[in-house]
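Quick note on labels: first sequence line is chain A, next is B, and so on, each numbered from 1. Just so it is clear, the model here is predicted, and its values are computed rather than measured.
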Amino acid sequence: MKGYNPSAIEEKWQKIWEEKKVFKVKSDPSKPKYYVLEMFPYPSGRIHMGHVRNYTLGDIIARVKRMKGYNVLHPMGWDAFGLPAENAALKQGIHPAKWTYSNIDYMRNQLKKLGFSYDWDREFATCDPEYYKFEQRFFIEMFERGLAYRKKTLVNWCESCQTVLANEQVEDGKCWRCGEEVQMREMEGWFLKITAYAEELLSDLEKLRGHWPEKVLVMQKNWIGKSEGAEIDFYIPELDKNLTIFTTRPDTLFGVTFLSLSPEHPLALEIAEKKGFKEKLLEFRERVRRERKKIEEGVAEKEGFFLETYAVHPFTKEEIPLYTANFVLMEYGTGAIMCVPAHDQRDFEFAKKFGLPIKVVIQPKNKELKPEEMEEAYEAPGIMVNSQEFTGLESEEGKKRVIDKLESLGLGKRKITYRLRDWGVSRQRYWGCPIPIVYCEKCGIVPEKKENLPIKLPLDAQIDSKGRSPLPHLKEFVETFCPKCGGKARRETDTFDTFVESSWYFARFTCPDYPEPFNPEDTEYWLPVDQYIGGIEHAILHLLYARFFTKVLRDLGYLKLDEPFSNLLTQGMVIKETYRCPKHGWIYPEEVSPEGTCLRDHCGEKVIIGKPEKMSKSKCNVVDPDVMIKKYGADTVRLFIAFAAPPEKDLEWSDHGIEGAYRFLKRIYNLFEEYVEILKKINYKEEELKNLSGKALKLRRKLHQMVKKVHQDFEERFHFNTGIAAIMEFVNYLQDSLKELDSSEEINQKLLKEVFEKLLLCLSPVCPHICEELWERLGKNTFISEASFPTWEEDLLKEETFILVVQINGKVRDQIEVPSGISKEDALSLVRGLPKVQKYLEGKTIRNVIFIPEKLVNIVVS
RNA sequence: GCCGGGGUGGCGGAACUGGUAGACGCGCUGGAUUCAGGAUCCAGUGGGAGAUAAUCCCGUGCGGGUUCAAAUCCCGCCCCCGGCACCA
């Protein structure tokens, strides 16, 4: 016996699949389509277990859908722009492009070793001008429609990295790359008007309900953060100007005791200049900017000061003092608020600190609020009091009526505000897609002509030693001519946030070589993505941006769909146990002795076994996919990953567990070796197997039951772990029955042929190489990768007998094998004859008998 | 604090619409094979009482409830994980 040799088998089939282009697809309207997509990777250098899990899940789905007769689109590519390439350039002196492309080559090879059924002809990298030129075109069209604009705003700035950072790149107020304290800086940059789609992005979440994880829907909903309220004008006589504020609680309007402006508010500056405390305001503004992170975390003290100015209450005409306060954000609402200390905790704290009055205007039903006794604001709804004609109204009704009156007097209006901000896409980085804009001395901001695209990122740039973008210093890039007037102009040197590339790649995969952005025939056939799979960490950013882009591309006339991803599966992390030495910190598993002591530097300290955590180098708990593939083969790795946990849950990597998966495949392989020579020449027709009896019938029934279960778990539920368990259970059963089944009998050989074929077919989506190999050795001259999902005979599934559970008063007391379809009466008379049952019935009266067909009988006695 | 998801053997996890809790795998124990180890195979494996038997009791985070029957449904509570959190 030669035994199972995964590396030989896997290499062989990967080569054949590639040569024969088994997974190449074309649009074919005569066939139902299925588009399965996994979030494409950033080419960081090597794939990790998280990728392997993501792509294994996708590949199983792709293979199952192919077996079910779908025309399956399953592409792969590279999210290839990004900062790590520049870091590598800095550290290792390799050009970002070279670094990126060589990583891609390496990682492509790694993916190929896993046997994923991608149509590799569709592969692209987003750093390719042939890809990003369309992105530049979209941007220009967005600019033309006012969906892309330039503005000055507060951004996160890292001085040492010389760039703006995205919010998610700021950790604890520090730069994720160098640890430098991030500053808030006012800068100009490009923004995409995602807020114009806020309402649609919110309401379309309804369409995704039931198809996306509830968690993701909720996160997006919160992120968009719709709130309904009113904008109210407070007149400032001294300036003869209105201050407009936003509130969601117009019912508390009569409780206003002061107004607060953000220190960034233009009116605050105007007042400060007029009153001669400009310096004080600017100082305050600076301090607030510095402490912005703290403020956002809610740990900063309330601070601010009186602006020595008053506004007029729209209804009471009272004088209301104006303050500036650190907790008022310029970017939300109007940058100014009305403060009702009795009914808003923040205002309450501010009022207490500055000795401002507290005025109760909402009374709860069960108690009476008294300002002097209050220790916190009462924020819940109640009955309006001290509110002129509104007194006595419920909060909800009051809100409406107050706004109605404001509107009728022209002092305010209904307003919906979103928490969502426009998407800042400018990055002061080199390794990204150039923003196709030119600054002309005469014409100002001018978009490039579309025929000049792509604006190529110059590849001959040298990254400077401080990691700054070289683009502003590259004369041949910067110095250009105005597309409008032909005069001298400067090119924009910022590049796009890399989330832009990943916002539309799924659509380009349908027609990667088409000279225009999209071929309608392809996009209309393949889109939307039927199943999207990726990590939960993209729950908001990437998924929201991609949804936004889809709607924009629709409105620009490129696509005909509202939502890009019909179904979303967010897979859990791959985690592993951690080891920690009191002296050395995190240590590798090899550094732990069998006695549980630390072996590093012969240290001998007792090692603390930590809970399983996300694999990371710093915690010394990474498992390298390459090492696992080399040791066990891709099929084993795939099997373990699919078996160890359901897709959405975290998967704990276990060295023992993967051994178990390997063992299973070896068992299957050895089993086949034993029979394959005989079975190779056997042919059978399903009708020939209809009249089996005894052991053979039972085996065949188990087979068909297994096929059905695998079908349900793989195709309908994506519960690969239980489907695989069913296959394992069947193999256990098969090995038992083979001991008693005479394999020299022809009919049994025919049965075994069916058994082995269907078994391989069921396992093939998970472990394609070994199944392809054994399929061939079973005498097949087709690819199992192109075979159909096995069928099962529904009639055969029914057992002739079943185990009837016998309960007395709801407790299981006995079981008895009875014919299927047994009636209540027959079952009861059988059951009453059982000695155990008789024991329990002695001296009791039967009060009730519950009979669940094919399941149990429950005798209720007193 | 708010929102979402969970709590089942020594471990990962099954149990789909209430109907034998613990499938499958890991680990562990015993046995076979082996000079030995590994690998492989066979048997056992929720806890407790009992003699290793028959048998019985207890068991799905905790406390109640509905039901002939609850991991599953209802009410109250505890704990864990994830997200959000001065957004007016």
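Contact between the side-chain N/O atoms of A/Ser227 and the OP1/OP2 oxygens of B/A88 is found at a separation under 4.0 Å. A/Tyr840 has no side-chain polar atom (N or O) that falls below the 4.0 Å cut-off from OP1 or OP2 of B/U55.
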Pair A/Asp233-A/Thr244, side-chain hydrogen bond (donor to acceptor under 3.5 Å, both in side chains): steps then yes or no = CA-CA 4 Å; A/Asp233 293 333; A/Thr244 305; 2.7 Å; yes
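Distance CD1 (A/Ile808) to C1' (B/U55): 15 Å, rounded to an integer number of Å. In this structure, the CG atom of A/Asn670 is 11 Å from the C1' atom of B/A39, given to the nearest Å. Here the C1' atom of nucleotide B/C26 and the CD atom of A/Glu659 are 11 Å apart, to the nearest Å. The CD-P distance, from A/Gln345 to B/A85, rounds to 19 Å in whole Å. Distance CD1 (A/Ile803) to P (B/A23): 17 Å, rounded to an integer number of Å. Atom P of nucleotide B/A70 and atom NZ of A/Lys811 are separated by 10 Å, given to the nearest angstrom. Between the CZ atom of A/Arg209 and the P atom of B/C3 there is a distance of 15 Å, rounded to whole Å. Between the CG atom of A/Asn222 and the C1' atom of B/C84 there is a distance of 6 Å, given to the nearest Å.
With C1' as the reference atom, B/G30 and B/U52 are 12 Å apart, rounded to whole Å. Taking the P atoms as reference points, B/C16 lies 15 Å from B/A23, given to the whole Å. The gap from the P atom of B/C79 to that of B/C73 amounts to 22 Å, rounded to the nearest Å. Between B/G61 and B/C68, the distance separating the two C1' atoms is 27 Å to the nearest Å. Remark: the separation of the C1' atoms in B/C57 and B/U72 is 24 Å, to the nearest Å. Rounded to whole Å, the P atom of B/G37 lies 34 Å from the corresponding atom of B/A54. When the P atom is compared between B/A69 and B/A21, the two are found 14 Å apart, to the nearest whole Å. On the C1' atoms, B/G63 is 28 Å away from B/A14, given to the nearest whole Å.
Residues that satisfy the ring pair (Phe, Tyr, Trp, His ring centres under 6.0 Å) test with A/His711, not counting sequence neighbours, are A/Phe789, A/Trp792. Evaluation of the ring pair (Phe, Tyr, Trp, His ring centres under 6.0 Å) rule for A/Phe643 yields no partner, not counting sequence neighbours. For A/Thr153, the side chain to side chain contact (heavy atoms under 4.5 Å, CB included) partners are A/Lys151, A/Val155, A/Phe191, not counting sequence neighbours. With sequence neighbours excluded, no residue satisfies side chain to side chain donor-acceptor pair (under 3.5 Å) with A/Asn242. Residues forming a ring pair (Phe, Tyr, Trp, His ring centres under 6.0 Å) with A/Phe714 (at least two apart in sequence, or on another chain): A/Phe720. By the side chain to side chain donor-acceptor pair (under 3.5 Å) test, A/Gln838 pairs with no residue at all, sequence neighbours left out. Applying the side chain to side chain donor-acceptor pair (under 3.5 Å) test to A/Lys666 and every residue at least two apart in sequence or in another chain returns nothing. A/Trp212 meets the ring pair (Phe, Tyr, Trp, His ring centres under 6.0 Å) test with no other residue; sequence neighbours excluded.
Remark: the backbone N or O of A/Val328 is not paired with any side-chain donor or acceptor of A/His265 at under 3.5 angstrom.
Atom NZ in A/Lys702 sits 11.0 Å away from atom CG in A/Asp736 (nearest 0.5 Å).
If you check every strand for non-hydrogen atoms under 4.0 Å, A/Lys415 touches nothing. No contact: A/Gly333 has no heavy atom under 4.0 Å from any strand. If you check every strand for non-hydrogen atoms under 4.0 Å, A/Val328 touches a base. Using a 4.0 Å heavy-atom cutoff across all strands shown, A/Asp347 reaches no nucleic acid atom at all.
Comparing B/G25, B/A23, B/C56 against the side chain of A/Ala725 picks out B/A23 as the nearest. Across B/A88, B/G82, B/U20, the shortest atom-to-atom separation from the side chain of A/Lys215 is found for B/G82. Out of B/A39, B/G4, B/A88, the shortest distance to the side chain of A/Phe327 is found at B/A88. For A/Arg813, counting side-chain heavy atoms from C-beta on, the closest listed nucleotide (B/U20, B/C56, B/A88) is B/C56. Here B/G27 is the nucleotide among B/C24, B/G27, B/A88 with the atom lying nearest to any side-chain atom of A/His656. Comparing B/C56, B/G25, B/A88 by their closest approach to the side chain of A/Leu329 singles out B/A88.
Ring-plane geometry between A/Tyr662 and A/Tyr4 is classed as tilted, the angle between the planes lying from 30 to 60 degrees on a 0 to 90 degree scale. Under the 30°/60° scheme for interplanar angles, the aromatic rings of A/Phe246 and A/Tyr332 are found to stand perpendicular.
Residue A/Ala726 is the one, among A/Met330 and A/Ala726, whose nearest nucleotide of RNA chain B lies closer to the 5' end (criterion: closest heavy atom). Checking A/Lys855 against A/Glu729, the closest nucleotide of RNA chain B that is more toward the 5' end is the one next to A/Lys855.
When ring centroids are compared, A/His343 and A/Phe348 stay outside the 6.0 Å threshold.
With its glycosidic angle more than 90° from 0, B/G63 adopts the anti conformation.
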Taking only N/O atoms, report every protein-nucleotides 41-51 of chain B pair under 3.5 Å with atom names and distance.
none

Nucleotide N/O to protein N/O under 3.5 Å, stretch nucleotides 65-68 of chain B:
| residue | atom | partner | partner atom | Å |
| --- | --- | --- | --- | --- |
| B/C68 | O2' | A/Asn858 | ND2 | 3.2 |
| B/C68 | O2 | A/Asn858 | ND2 | 2.6 |

Reading nucleotides 10-15 of chain B from 5' to 3' and marking B where a protein heavy atom lies under 4.0 Å of the base, S where only the sugar-phosphate is that close, and - otherwise, the string is --BSSS
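Remark: A/Lys359 NZ is packed, more than 12 non-hydrogen atoms of other residues, nucleotides or ligands lying under 6.0 Å away.
There is no side-chain donor-acceptor pair under 3.5 Å between A/Glu729 and A/Gln705. Between the side chains of A/Asn621 and A/Thr578, no donor-acceptor pair of N or O atoms lies under 3.5 Å.
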Pairing string, 5' to 3', for RNA chain B - Watson-Crick or wobble contacts under 3.5 Å, brackets [ ] where pairs cross, | to another strand = (((((((..(((......[....)))((((((.......))))))((((.....))))..(((((..]....))))))))))))....
